[in-house]
Amino acid sequence: MAAQEGDLRIDGDRLWESIRVMAKIGPGVRGGNNRQALTDADGAARRLFRRWCEEIGARVFVDTMGNMFALYEGTEPGLDPVMAGSHLDTQPTGGKFDGVLGVLGALEVIRSLKDAGLRTRRPIEIVNWTNEEGTRFAPAMLASGVFAGVYDEAWAKARTDAAGKSFGAELGRIGFLGEEPVGGRKPYAYFELHIEQGPILEEEGVDIGVVTHVQGLTWLQVTLTGRESHTGSTPMAKRRNAGLGAARLTEVVDRIAWRNAPLAVGTVGQMDLYPNSRNIIPGRAVLTIDFRHKDKAVLDGMVAALREEAEAIAQKMGLGLAIEEVGHFDPVHFDEACVGRVRDAAKRLGLSHRDIVSGAGHDACWINRVAPTAMVFCPCVDGLSHNEEEEITKEWAVNGASVLFAAVAETAGLGGARRTDQGLPSIHPPESGERTP
Ligand code: GLV
Ligand code: MN
Ligand code: MN
């Protein structure tokens, strides 16, 4: 049911239907999505998002990194906006909710305000950040990073995909090289709704995660160089096998993470062997390493250990070694006032909640550097994400979007007439009929 005067709540059916329609763009092969950044599918998703925003009277601005901002004017238009959003790009085998929930949840906030004929004091802007996933163009959160002044724009635009196509050229090709200077729009605050992408909320039966921190991350790209030679006629003692070096390094990554258990994680997610022929000893191996931990000292220690052990392996095996850092952020601590708004919103909507540390990176990590920022998590089935089978219930989506609505409206200043005696916005909890088992 749409929000009404005195009965202000989001429209769960509309939110759920919008997620379903968006998921038709860039379908995967197992029910999820393959809508990687700056592909034709990403372009189509952006055009649909722009149309939906324009239908509710929001003005859409695109910056020179392709970040999209849909402005819903407040009663005092000159004020800095409260921003809310996430990303519409996906992993190559991504789910329907990672990122999408945050963008379409923010759209539902504006749709609900508009239905109720309400404007907040500050403008609200829905944001779609370009290339959050970082699969096609490393690092992740590239365009929000430029927005926050972490990355140089020319450097970001020169990033290339595996086929050698540049970010800048692909942005122009899909028609989303905008004119707004990146970083020119100043958020008063930023809120991001996201699925947890981990198992905690579902296992504990908790409706809402109040995200206080995000664990830090370092991404390395390692190239091992050996010598291509015949698999049949090259004696074992004469080999310089880059593929074997990659396998040994993969073991090392796993061991380092276990040494720092239970909070550390370490993964080799991508490994390319060259020339990749069954009867040629690999002459070159390129692998990606992803280390994460909530404490910077532990994270840095894992990276140092990796460098040391990689040197030893390369030396022993007669391999060349090059290690490039292709992504890093320190652990993030979100703004306490904004986090408090999320916690209060969950409380007054009668939703169970707990504080939580995000295992995944988010655009919010960078925006936190330039504006007070917080995140809202809802559960996902089995904690599964970065998988086409990623699933959430409509109830979880509606709960999360309701908390986003209340936190954003409170921060943007919902008119005095809409406040209860306690000074709270008259935003109502999700309808009980929307709860699913
Ligand atoms: C972003 O999706 C990440 O890898 O955490
Ligand atoms: Mn995401
Ligand atoms: Mn993701």
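Just so you know, ligand 1 is whichever comes first in the structure, and atom 1 is the first atom listed for that ligand. Heavy-atom basis, side chains included; hydrogens, waters and symmetry copies ignored. If you read the sequence from its start, that first residue is 1, and numbering goes on from there.
- Two residues are said to be in side-chain contact when any heavy atoms from C-beta on lie closer than 4.5 Å; V408 and T120 fail this criterion.
- With rounding to the nearest 0.5 Å, the separation of CZ in F405 from CD1 in I110 is 8.5 Å.
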Atom pairs and distances, side-chain donor-acceptor, residues 259-270, under 3.5 Å, sequence neighbours left out:
from: R259; atom 1: NH2; to: E309; atom 2: OE2; distance (Å): 3.1
from: N260; atom 1: ND2; to: I256; atom 2: O; distance (Å): 2.9

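- Taking 2.8 Å as the threshold, E132 does not count as a candidate ligand of the Mn ion (ligand 3), since none of its N, O or S atoms lies below it.
- For the Mn ion (ligand 3), the N/O/S atoms of H87 include none lying under 2.8 Å.
- If you look at D98 and ask which of its N, O or S atoms sits nearest the Mn ion (ligand 3), the answer is OD2.
- Among the backbone and side-chain atoms of H362, no N/O/S atom is found under 2.8 Å from the Mn ion (ligand 2).
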task: Evaluate ring pair (Phe, Tyr, Trp, His ring centres under 6.0 Å) for F329 paired with W366, printing each intermediate quantity in order.
output: CA-CA 9 Å; F329 58 83; W366 290 146; 5.8 Å; yes
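- Surrounding CZ of R173 are more than 12 heavy atoms belonging to other residues, nucleotides or ligands, all under 6.0 Å away.
- Remark: ligand 1 atoms within the under-4.0 Å shell around heavy atoms of E133 are 2 (O).
- Taking a cut-off of under 4.0 Å to the non-hydrogen atoms of H386, the atoms of ligand 1 that pass are 2 (O).
- When each atom of ligand 1 is checked for a heavy atom of A360 under 4.0 Å away, the hits are 5 (O).
- In this structure, of R292, M141, E132, H87, the residue bringing a heavy atom nearest to atom 4 (O) of ligand 1 is R292.
- A salt bridge does not link R284 to D272: none of the charged nitrogens lies less than 4.0 Å from a carboxylate oxygen.
- Classification of the W16-F97 ring pair by plane angle, with boundaries at 30° and 60°, yields parallel.
- Interface atoms of ligand 1 facing G361, defined by a heavy-atom separation under 4.0 Å, are 1 (C), 3 (C), 5 (O).
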